[in-house]
Amino acid sequence: MMEHLPALMIAVPLFGAFTTPLFKKRGSAAAVWALIIATTTLGLSLLLVRQILNSGLMVYVFGADKPTLVLPSGYSVPIRIIFEVDAIGAFMALSATLMTFIGALYSYNHVKNETGLEKYYALLLLLEVGILGMVLTGDLFNLFVFLEIAGIAGSALVGFRNYRGEASEAGIKYLIVSAIASLMVLFSIGLLYGEYGNLNIAYLSTQIRFSTVDMIALGILFTSFAMKCGSVPTHHWVPDAYTEVPSGINPALLVATYASLYALFRISFTLFGKISLSMSNVGWIMCILGVLTMFIGVTMALVQKDVKRLMSYHAISQTGYMLLGVGVGLAVLNDPAKLAAFGRDAMAGGIFHIINHIIYKSLLLMTAGALFYVTGTRNLNEMGGLARKMPYTTIAFIVGAAAISGIPPFNGFASKFLIYETSYQLNPLLAVFALVTSVLTLASFVKVFASAFLGPPVEKYENVREVPKAMVVAMLILAGLCILFGLFPNLVLDKLVYPAVDALLNLAQYQTWGGVL
Amino acid sequence: MNNVILANLPFVVVALLLAIGFYTIGFKRNLIKVVIGIEILEGAVNLFLVALGYVKGAYAPIYTMAPEDAVNNMVLPTPQALTLTSIVIGVAVSALMLAFAVNIYRHYGTLDVTKARRLRG
């Protein structure tokens, strides 16, 4: 069974997605069923991570033992659909399954009163399938297919509350962005296919010559994935989509965004990794995009009144940290001394920040969802004095806000500190921007805390109570993870993050599979 | 000279369609027209894939009953498969976009993208 894990990771949630609509009229049965499927997938991904860490890269070929086709002339090429899982893929898969599980758990109460729940859970599982496919595949065209699956499922979920016009508006924005981005991805896949006659990432990466066509393909791929991961200047869809989507979907939607970030890293480090000299320029572009993204994101967040919109702008700003961290690593990729001195740590910071951010941003967006659940509004000016009524939500919010601002015992500090330290060594200005962004982040969360939780109680919310149990449990799990990752960062770094970084850096390992090359 | 243009005609059309598609998405204000722009883009990309798979004088990739001279002279079937997949995905995307457009028209009473803007700031 172990060797079939990559296929099962797709098959189980796909099965779940197509069986959930059978529970029509019984929303809670659909919720329980989706929760079971999500738990199973989480277990599978834990097994997958263990397997990858113990025995290295896994190659799974659909419908055959070997990925190669040997022609009579002795020439062998990779054919068939191939999944190629290394440590970073497994890392992303673990984040995706964990967040889908949390999302399904939280949704159990959060969307109970809506209609069409069976479709909601089917789409949630379909979104999971899309993310998992993107991070596990070793084939460019499959990457496009799963990108589209995640895009369609995600935008359908953004527009889930279709009795609100705003939801449809955010949904079509998200869908247009993701449709254009993935069509352009397909176009550049066509360019690469026309030149090399193959779609396998590992095979292509050995063949790349960096001709003009390759440069165009790199440019289009880089732009499209940067667009999909919400980097400045194409960040406008992020706040709308994250604000309008039900809070239970937020974790999965966040991971979907970072699956595009993963694809960006995969393109830069693996597909075009051989051309290391030119890639240092790409690394600098990534750093500058990162700095711009974090700064513009946080300044836009400061002026928001809508609590969820404020947090969504912070999601943009935090994406900048990941781009900065990995960009520093990419910029020094061709310089072994600098790479060993700080490049590897910078990438570890960037990748560690992905999982940390997914955890605390989901937590924060869930607390925003909890506020919306009890008050029915997202406007900060209309809330007040909720701390005493909702103790668990308040604790969860404090943990999340402290983590996102990078205050020591929480997980945000661990990864941000790595990024400050290492980006300082590339260029001090980068670290200054990162620090200023952190301070501004703290400022805006103080504003939320003061206006929603503290202050005089508002009469309208005299009788509000703590949110239902499933929501509390989901939030407390995430808060616990925040503290756990903050107290023992080395555990996660050594077990998950550094293997992931090494998988990105070790191009030769990715290329030698199946005995082809 | 004439042959060069004729042989590259599909790619010229692809470039034209891409330009038209991006123009439509960027400058048209009606949502339905934006959706049509995305469809044009998709047509361009699909045409590009199909044009890649066509080799002049080569045989279709059918392996049983292939004639003698077809050996080493077949086109790869992959681009066609990719195009079919991408068409199917495109149908789903456009259906969802049109559904959103209908819903926006119901709530806002307009399809003008500059007027249907409640989310801002």
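Reckoned from all heavy atoms, side chains included, excluding hydrogens, waters and symmetry mates. Convention: sequence-line order gives letters A, B, ...; per-chain numbering from 1.
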Engineer: Hey, what do you get for OH (Y105(B)) to OG (S168(A)), rounding to the nearest 0.5 Å?
Structural biologist: 15.0 Å
Engineer: Who among N103(B), V102(B), V34(B) has the most heavy-atom pairs with chain A under 4.5 Å?
Structural biologist: N103(B)
Engineer: With heavy-atom distances below 4.5 Å as the criterion, would you say the side chains of Y163(A) and R106(B) are in contact?
Structural biologist: no
Engineer: Do you know which of S178(A), G151(A), A156(A) has the most heavy-atom pairs under 4.5 Å to chain B?
Structural biologist: A156(A)
Engineer: Would you mind reporting whether L18(B) and F187(A) have side-chain heavy atoms less than 4.5 Å apart?
Structural biologist: yes
Engineer: Would you check if L49(B) and L186(A) make a side-chain contact, meaning some heavy-atom pair closer than 4.5 Å?
Structural biologist: yes
Engineer: Which bit of L191(A) comes within less than 4.5 Å of chain B, counting heavy atoms only: side chain, backbone, both or neither?
Structural biologist: both
Engineer: Looking at every non-hydrogen atom in both residues, tell me the closest pair between L52(B) and G190(A) and how far apart they are.
Structural biologist: CD1-O, 3.0 Å
Engineer: Go through the atoms of K305(A) and report whether side chain, backbone, both or neither lie under 4.5 Å from a heavy atom of chain B.
Structural biologist: neither
Engineer: Do the side chains of I180(A) and F22(B) get nearer than 4.5 Å, heavy atoms only?
Structural biologist: yes
Engineer: Please state whether the side chain, the backbone, both or neither of V14(B) comes within less than 4.5 Å of a heavy atom of chain A.
Structural biologist: side chain
Engineer: Rounded at 0.5 Å granularity, tell me how far OG in S182(A) sits from CD in E42(B).
Structural biologist: 9.5 Å
Engineer: What's the shortest heavy-atom distance between L175(A) and V93(B), and which atoms?
Structural biologist: CD2-O, 3.8 Å
Engineer: Can you tell which of I172(A), I176(A), N162(A), V158(A) makes a side chain to side chain contact (heavy atoms under 4.5 Å, CB included) with F100(B)?
Structural biologist: I172(A)
Engineer: Decide yes or no on side-chain contact (heavy atoms from CB on, under 4.5 Å) for F144(A) and L82(B), but give the supporting numbers first.
Structural biologist: CA-CA 10 Å; F144(A) 159 76; L82(B) 303 191; over 6 Å; no
Engineer: Working to the nearest 0.5 angstrom, can you tell me the gap between H107(B) NE2 and E169(A) CD?
Structural biologist: 11.5 Å
